[in-house]
Amino acid sequence: MTALDRTALKQGALVSLVFAVPFAIGSRIAADNDKGSPWASVLWLLALAGFVLGSGCAAWVQTKRLPLLHALVCAGGTYAAAQAVFIVVKLFRGGTISWLGVFFTFTTVVFAGLIGGGLGSTMRNRGILP
């Protein structure tokens, strides 16, 4: 874990939590209330944009010269932590979990993290430093 910049991961995770998680919650609420609602998809795309932003921040502010690794760890770790809370709450309320859906969403979020990492790396390479 010494290869990772913990400060960069914390900053990226906070950005992801602020920008991605509220949209993900809104998407879930929209999908639960109206199965055919287009807002569920729109809000989910905004949540993915939040993960791109957060992982891009982690890649941009890191000082270890490993921007993609920081972005992937930030996106995957933030999603896993938030999803763990959502799963516990849903199980406590007596709901069921679609583990395939959780895995698919995780891979989508990690891909969004890869995009954010590429953007953060490009900014550093062009001399735009935090």
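These numbers were taken from a predicted model, which means no experiment stands behind them.
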Item to check | Audit row: Ile128, Trp60, side-chain contact (heavy atoms from CB on, under 4.5 Å) steps and yes/no | outcome: CA-CA 9 Å; Ile128 304 171; Trp60 185 43; 4.2 Å; yes
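- For residues 35-49, the set of pairs meeting the side-chain hydrogen bond (donor to acceptor under 3.5 Å, both in side chains) definition, not counting sequence neighbours, is empty.
- Residue Phe106 is grouped with residue Phe111 when hydrophobic side chains (ILVMFWY) are merged at heavy-atom distances under 4.5 angstrom, including chains of intermediate members.
- At distances below 3.5 Å, at least one donor-acceptor pair connects side-chain atoms of Asp5 with backbone N or O atoms of Thr63.
- Note on residues 71-90: pairs passing side-chain hydrogen bond (donor to acceptor under 3.5 Å, both in side chains), not counting sequence neighbours, are Tyr79-Gln83.
- One hydrophobic cluster holds both Leu119 and Val109 under the rule that ILVMFWY side chains link at heavy-atom gaps under 4.5 Å.
- Under the 4.5 Å side-chain heavy-atom criterion for Ile, Leu, Val, Met, Phe, Trp and Tyr, Ile87 and Ile29 are members of distinct hydrophobic clusters.
- Here the closest heavy-atom approach between residue Ser55 and residue Ser16 is recorded as N-OG, 4.0 Å.
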Report all side-chain donor-acceptor pairs from residues 95-105 shorter than 3.5 Å, counting only partners two or more places apart or in another chain.
{"from": "Ser98", "atom 1": "OG", "to": "Gly101", "atom 2": "N", "distance (Å)": "3.2"}
{"from": "Thr105", "atom 1": "OG1", "to": "Gly101", "atom 2": "O", "distance (Å)": "2.7"}

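- Residue Phe86 qualifies as enclosed at atom CZ: its count of foreign heavy atoms under 6.0 Å is above 12.
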Checklist entry - Which is it for Gln62 and Arg124 under the side-chain contact (heavy atoms from CB on, under 4.5 Å) test, yes or no, and what are the steps along the way? => result CA-CA 10 Å; Gln62 57 83 31; Arg124 283 192 78 81; 3.8 Å; yes
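- Although no hydrogens or angles enter the test, the distance criterion places no donor-acceptor pair under 3.5 Å between the side chain of Ser27 and the main chain of Phe23.
- The cluster map of Ile, Leu, Val, Met, Phe, Trp and Tyr, joined by side-chain heavy atoms under 4.5 Å apart, puts Leu14 and Leu9 in different clusters.
- The distance from the CG atom of Leu48 to the CD1 atom of Ile115 is 8.5 Å, given to the nearest 0.5 Å.
- Within 6.0 Å of NZ in Lys10 there are 12 or fewer heavy atoms belonging to other residues, nucleotides or ligands.
- Linking ILVMFWY residues whenever their side-chain heavy atoms come closer than 4.5 Å, directly or via other members, leaves Val73 and Leu68 in distinct clusters.
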